[in-house]
Structures are given as structure tokens and as C-alpha cells.
Amino acid sequence: MAYAAVVEARKAAEVNQDRVREAVRLGFELKREQEQKKAAQEAARLQAQAR
């Protein structure tokens with residue numbers, strides 16, 4: 001019985017680990033998009049300033 005509980009707990013931990021990985025991946029993706037947007041805005045600002 002205790003073995004079954006350990007196996008269930010391990011399965012639950014693996015599921016949670018996958019969710020955490022997905023959340024981290026999405027977080028990095030959002031940060032990358034924000035940095036790209038910021039760089040594009042800065043480039044547009046510099047281009048407008050040069051005119």
C-alpha cells in the first residue's frame with residue numbers, strides 16, 4: 001500500500017514538473033517578445049531622430 005502511494009506521488013510530481021516547464025517556457029517566450037518589441041521601438045525612435 002505504501003508503495004502505491006509513493007508511485008502516485010511520483011506521478012503527480014511529474015505532472016507538476018511538466019506544468020512548471022511549460023510555464024517557464026512561456027515566461028521566456030513573453031520576455032523575448034517584450035525585448036524584441038522594445039528593440040524595435042528603440043530602432044524606430046533612433047531612425048525618427050536621425051531624420
Side-chain angles (χ1 to χ4, degrees):
M1 194 66 162
Y3 178 76
V6 169
V7 170
E8 283 299 313
R10 186 172 184 178
K11 286 180 184 177
E14 288 173 358
V15 169
N16 286 338
Q17 185 177 11
D18 288 341
R19 289 183 186 152
V20 169
R21 284 182 178 152
E22 180 67 10
V24 169
R25 185 190 68 75
L26 289 173
F28 280 131
E29 186 176 324
L30 287 172
K31 183 164 179 68
R32 189 176 325 117
E33 289 172 1
Q34 287 174 344
E35 288 174 351
Q36 289 173 345
K37 184 178 178 182
K38 185 178 177 182
Q41 288 174 344
E42 181 67 15
R45 186 185 66 78
L46 289 174
Q47 194 174 40
Q49 208 175 40
R51 290 183 188 170

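No hydrogens, no waters, no symmetry mates; every other heavy atom, side chains included, goes into these values. All residue numbers in this chain count up from 1 along the given sequence.
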dist Gln17:CD -> Arg19:CZ (nearest 0.5 Å) comes out at 12.5 Å
So CD of Glu29 and CZ of Arg32: to nearest 0.5 Å the spacing works out to 6.0 Å
* Note, Glu33 side chain near Lys37 side chain (heavy atom, < 4.5 Å) -> no
Is it possible for you to say whether Val7 and Val15 belong to one hydrophobic cluster, with membership spreading through side-chain heavy-atom contacts below 4.5 Å? no
key: Electrostatic pair Arg45-Glu42, nearest N-O below 4.0 angstrom   = yes
Taking the basic N atoms (NZ, or NE/NH1/NH2) and the acidic carboxylate oxygens, is any pair closer than 4.0 Å for Arg25 and Glu22? yes
query: Going through the distances and angles, do Glu35 and Lys38 end up as a salt bridge (Lys or Arg N to Asp or Glu O under 4.0 Å)?
result: CA-CA 5 Å; Glu35 288 174 351; Lys38 185 178 177 182; over 6 Å; no
